[in-house]
Amino acid sequence: LPAETIEAMRAEFEARRDLIVRLFREIPNAVVPEPQGAFYLFPDLSAYLGGDDLALAAYLLDEAKVAVVPGSVFEGPGCVRLSYATGRPQIEEGVARIAAALAKL
């Protein structure tokens, strides 16, 4: 691929990362480290459901219709893993659904 194509892809993933981090940091009690590598966010949501990330993942799937991976799978209990390898509108919609679902707890 041409260098300018690669740079455009890198810049887009950086913009997606910045977007999902900003949106998650607006969620009360979410602890959101900035991703340093791949295209995954790993927020600590242990303030919700007593830190039971398995129950939280099931709740978010049922209530928000958003699939997340429980953090305990990656030795990060209380966290969830989300990919931001999707479009910005989908990121905005997904985080809005998650925020609304968490607000009900």
Side-chain angles (χ1 to χ4, degrees):
L1 292 174
E4 56 273 1
T5 301
I6 293 170
E7 174 54 26
M9 291 169 61
R10 188 209 58 77
E12 178 58 27
F13 274 99
E14 182 177 332
R16 292 174 188 179
R17 180 202 63 200
D18 293 348
L19 173 63
I20 197 168
V21 167
R22 179 179 56 78
L23 293 173
F24 255 91
R25 286 184 176 164
E26 293 173 2
I27 297 174
N29 302 311
V31 179
V32 187
E34 186 169 304
Q36 297 299 311
F39 40 83
Y40 298 102
L41 186 68
F42 202 67
D44 181 341
L45 300 178
S46 59
Y48 298 93
L49 292 184
D52 183 345
D53 55 286
L54 295 172
L56 185 57
Y59 172 78
L60 291 175
L61 183 59
D62 185 52
E63 183 67 31
K65 307 298 186 233
V66 176
V68 300
V69 179
S72 55
V73 173
F74 303 100
E75 298 182 19
C79 299
V80 297
R81 182 179 182 198
L82 302 101
S83 171
Y84 53 90
T86 188
R88 291 187 219 183
Q90 290 80 12
I91 291 169
E92 291 171 342
E93 176 70 22
V95 177
R97 288 183 191 183
I98 290 170
L102 292 176
K104 294 178 181 180
L105 295 175

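- Side chain of Asp44 to backbone of Val31: no donor-acceptor contact under 3.5 angstrom is found.
- Under the 3.5 Å distance criterion, the side-chain polar atoms of Arg25 are matched with a main-chain donor or acceptor of Val32.
- Grouping the Ile, Leu, Val, Met, Phe, Trp and Tyr side chains by contacts below 4.5 angstrom, directly or via other members, places Phe39 with Leu41.
- Across all their heavy atoms, Ala85 and Ser83 have their closest contact at N-OG, 3.1 Å.
- Under the 4.5 angstrom side-chain criterion for Ile, Leu, Val, Met, Phe, Trp and Tyr, the cluster partners of Val69 are Phe42, Val73, Phe74.
- Under the 4.5 Å side-chain criterion, counting only non-hydrogen atoms from C-beta, Leu60 is in contact with Leu102.
- Scanning all heavy atoms of the two residues, the minimum distance from Pro33 to Pro43 falls at CD-CA, 4.4 Å.
- Leu1 and Ile6 make their closest contact through O-CD1, 3.7 Å (heavy atoms, listed as atom of the first residue, atom of the second, distance).
- Heavy-atom minimum distance, Arg10 versus Glu7: NH2-OE2, 2.7 Å.
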(Q) The test is side chain to side chain contact (heavy atoms under 4.5 Å, CB included); show your working for Leu82 and Ile98 and say whether it passes. (A) CA-CA 11 Å; Leu82 302 101; Ile98 290 170; 3.6 Å; yes
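- Salt bridge annotation for Arg16-Glu12: present, with a cationic side-chain nitrogen under 4.0 angstrom from a carboxylate oxygen.
- Nearest heavy atoms, Glu63 versus Ala101: CG-CB, 3.7 Å.
- No side-chain heavy atom of Leu45 sits under 4.5 Å from any side-chain heavy atom of Asp53.
- Counting only heavy atoms from C-beta outward, the side chains of Arg22 and Asp18 never approach each other to under 4.5 Å.
- More than 12 heavy-atom neighbours from other residues, nucleotides or ligands sit within 6.0 angstrom of CD on Glu26.
- The backbone N or O of Leu19 sits nowhere less than 3.5 Å from a side-chain atom of Tyr84 that would complete a donor-acceptor pair.
- Transitive grouping of hydrophobic side chains (ILVMFWY, heavy atoms separated by less than 4.5 Å) brings Leu105 and Ile27 into a common cluster.
- Transitive grouping of hydrophobic side chains (ILVMFWY, heavy atoms separated by less than 4.5 Å) brings Ile91 and Phe13 into a common cluster.
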